[in-house]
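Notes follow the structure.
Quick note on labels: first sequence line is chain A, next is B, and so on, each numbered from 1.
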Number of protein chains: 2
Amino acid sequence: MLKSRANIKDVARRAGVHPSTVSRVLNPATRSMVSEALAKKILRIAEELGYRRNPLASGLRTRRTYTVGVVIPDITNPVFPPIVRAVEHALDEKGYIAILADSGSKRRSEKALIENMKARQVDGLILAAANRKDHLVDSCIDEGIPVVLVNRSVEQHSVSAVINDDELGIDLAFQHLIDLGHREIAYIGGPQRASTGYTRYRAFLRSAKQAGVNIDRELVINAREFTESAGQAAFQEIARTGKNLSAVLTANDLLALGVFDALDDLDMKCPRDISVTGFNDMPYVDRFVPPLTTVHISLEELGVQAARLLLEKIENPDAPSKQLRLEPRLIVRGSTATLNAAQAKSGNRVA
Amino acid sequence: MLKSRANIKDVARRAGVHPSTVSRVLNPATRSMVSEALAKKILRIAEELGYRRNPLASGLRTRRTYTVGVVIPDITNPVFPPIVRAVEHALDEKGYIAILADSGSKRRSEKALIENMKARQVDGLILAAANRKDHLVDSCIDEGIPVVLVNRSVEQHSVSAVINDDELGIDLAFQHLIDLGHREIAYIGGPQRASTGYTRYRAFLRSAKQAGVNIDRELVINAREFTESAGQAAFQEIARTGKNLSAVLTANDLLALGVFDALDDLDMKCPRDISVTGFNDMPYVDRFVPPLTTVHISLEELGVQAARLLLEKIENPDAPSKQLRLEPRLIVRGSTATLNAAQAKSGNRVA
DNA sequence: GTATTCTATGCAAACGATTGCATAACGCTA
DNA sequence: TAGCGTTATGCAATCGTTTGCATAGAATAC
């Protein structure tokens with residue numbers, strides 16, 4: 001990195017003023033402290049020299065770096081790119097940059113990532129992988145670092161978050177299956193340490209109860225991770241019970257894809273033999289075999305609102321934390337179908 | 001951001017030494033300048049206090065921020081997340097962070113993004129959206145900023161890049177179609193300002209010439225962008241010619257998806273009526289209707305090597321630039337089929 | 001014991017930008 | 001013109017870290 005860029009001293013030298021005057025002119029909040037004629041002259045010279053403030057330097061002094069750490073569990077999970085893009089664009093509009101960290105599945109690594117970001121004096125953090133009980137989130141709050149969670153919440157309610165109405169989403173999917181005539185419904189959920197996994201599971205049980213449908217607990221499995229392979233394994237486990245079922249409601253789209261894979265292995269067809277629903281409406285699920293019926297959440301809105309909440313928190317640290325709950329909707333595609341006569345008579349003994 | 005973190009002065013005070021001594025101990029390259037006993041004491045205290053170096057401060061002094069700018073055109077294009085993840089992981093292993101910028105389709109915005117990164121003294125840039133003639137790349141090189149291009153190259157050969165052997169990839173796809181008996185082959189390419197668009201187009205023409213196949217130039221269209229909608233529009237334009245064809249070779253997977261959409265609109269089936277090939281093997285193409293035959297490139301390897309090349313360039317700025325060319329391979333799935341008798345007889349007059 | 005050489009540590013300045021305080025300059029009034 | 005009040009600008013220190021130079025202290029040789 002060559003020293004080829006103009007700095008404040010260069011501008012000051014050419015304008016024949018002190019660097020502090022240049023600084024005051026370049027900051028709109030202090031510009032009125034300088035005479036208008038001189039301010040104009042300084043602004044012109046700064047532009048001629050292509051001067052750009054160095055946020056490293058100013059951040060050292062002001063403790064504001066215009067930097068936000070964005071920690072996600074897996075950028076290749078199609079749910080996250082739209083979120084990240086929306087976050088990055090919203091931050092950029094306000095002069096902030098996003099430092100991206102993909103934590104993978106290792107929590108220890110995430111601790112290091114966050115420490116790294118703290119050392120760099122990030123102005124705040126957007127976290128997409130918090131656990132319901134999350135020491136990392138706790139410690140950031142304790143240190144006064146603004147934090148916003150995306151699509152997750154923690155049990156400590158003083159943390160800002162943008163989430164979806166998971167209860168409504170699961171209920172929409174459940175009612176859809178009921179309306180199609182399904183009664184023997186399996187559930188494949190996600191890890192219970194995540195609020196989405198926990199809330200969607202409880203919502204499933206409640207929807208069933210409210211619909212007066214008796215759920216066979218052997219048909220309810222919470223997978224270790226929200227992945228295709230975990231979904232596949234969970235369905236295989238359900239298949240081994242030999243129980244009757246005609247539909248599977250899953251806690252996210254990747255789990256549903258895993259169910260598709262398992263059905264392929266068993267020479268079964270969705271939705272002919274088993275109807276399947278997902279959650280998230282991640283990109284491209286409309287192109288799958290079959291196109292996935294799923295609960296749509298607005299990924300972009302998640303990102304935009306997360307960035308907005310965080311910027312507010314940065315500007316006004318003492319303001320109370322907010323939870324924004326977005327409303328999902330059901331998108332019916334080809335993975336769910338009316339319970340047919342053959343299914344109703346013998347069920348689908350998947351063994 | 002509260003001032004709650006230990007700094008070098010805190011460590012020095014507790015150790016009873018000067019801050020410069022602490023600095024020397026904490027840098028492995030200068031540790032031997034301090035006595036072993038004192039070094040051990042300082043390291044222990046630094047750990048007790050949870051000290052972390054602040055790269056903003058050290059970067060100001062040393063002009064090394066351990067920060068890399070990563071500029072991509074669209075994080076929601078499934079080709080990029082695996083690349084970004086690989087980049088981010090490789091950088092993280094060496095103590096660098098990735099500043100992510102998603103430029104969208106606006107070149108002006110990209111100029112601002114890069115200027116923003118320069119102001120923050122990034123140690124280098126990884127660019128995934130360079131044009132063949134690219135003033136932004138030129139200016140970075142002129143300023144001595146290390147740059148590595150991903151999946152793109154520029155005509156100025158002194159720029160480091162990780163690319164794929166596009167000629168081989170296109171030839172593999174072309175030969176595959178020839179082997180299946182296709183002779184009336186359309187081509188939908190990408191923007192010619194991108195090296196991938198240009199090189200794949202020329203490779204298509206050359207493969208046809210070498211195979212002794214006469215290509216109808218009305219069946220060759222280079223789209224404005226590498227998007228589904230551009231691919232769809234391009235195929236619609238080809239359909240309007242009323243020319244016979246039995247296969248479409250596209251320059252990337254998104255264009256191929258656009259062709260799928262256009263075929264749906266025309267009540268035609270792939271591969272029954274038209275075989276289609278893509279390029280990149282982006283995630284999930286194996287789940288589409290039909291599963292896409294495509295040229296596989298290793299996205300993760302692109303990212304890993306880009307990060308590696310850049311780190312080398314940062315460490316050794318005067319070393320000659322390198323181009324790394326990765327070998328693609330064909331993945332045959334369900335979007336291509338043998339030319340059938342009915343097709344061969346009447347061709348597919350798509351009008 | 002004294003002089004010389006080597007080693008370990010401290011000092012001060014640098015990096016780029018900001019800001020509280022001091023004061024020079026300007027404007028107004030008697 | 002002198003005195004007072006206000007405004008505009010400069011000064012110096014800060015932020016956290018690094019590093020060339022100076023020198024105190026230790027070790028060695030005579």
_So if I take residues 27-41 of chain A and measure heavy-atom distances to DNA chain D, which residues fall below 4.0 Å?_
Met33(A), Val34(A), Ser35(A), Leu38(A)
_Nucleic acid contacts of residues 50-59 of chain B, taken as heavy-atom distances under 4.0 Å to DNA chain D_ = Tyr51(B), Arg52(B), Arg53(B), Asn54(B), Ala57(B), Ser58(B)
*State which residues pass ring-ring contact (aromatic ring centres under 6.0 Å, His included) with Phe226(A); sequence neighbours excluded, sorted by chain then number.*
none
_side-chain contact (heavy atoms from CB on, under 4.5 Å) partner of Ile99(A), chosen from Asn116(A), Val122(A), Leu125(A)_ = Val122(A)
*Any side-chain N or O of His18(A) less than 4.0 Å from the OP1 or OP2 oxygen of dT9(D)?*
no
*Starting at atom CZ of Arg64(B), determine the distance to atom P of dT19(D), rounded to an integer number of angstrom.*
11 Å
Can you tabulate the close N/O pairs, meaning under 3.5 Å, that link protein atoms to atoms of nucleotides 23-26 of chain D?
none

Please list, for nucleotides 23-28 of chain C, all pairs of protein and nucleotide N/O atoms separated by less than 3.5 Å.
none

*Arg63(A) side-chain N/O to dG16(D) phosphate OP1/OP2 under 4.0 Å*: yes
*Sequence neighbours left out, what pairs pass side-chain hydrogen bond (donor to acceptor under 3.5 Å, both in side chains) with at least one residue falling in residues 31-48 of chain A?*
Arg44(A)-Glu48(A)
*Select from Arg61(B) and Ile8(A) the residue whose nearest nucleotide in DNA chain C is closer to the 5' end of that strand.*
Arg61(B)
*Gap between atoms CZ and C1', on Arg120(A) and dG16(D) respectively (whole Å)*: 14 Å
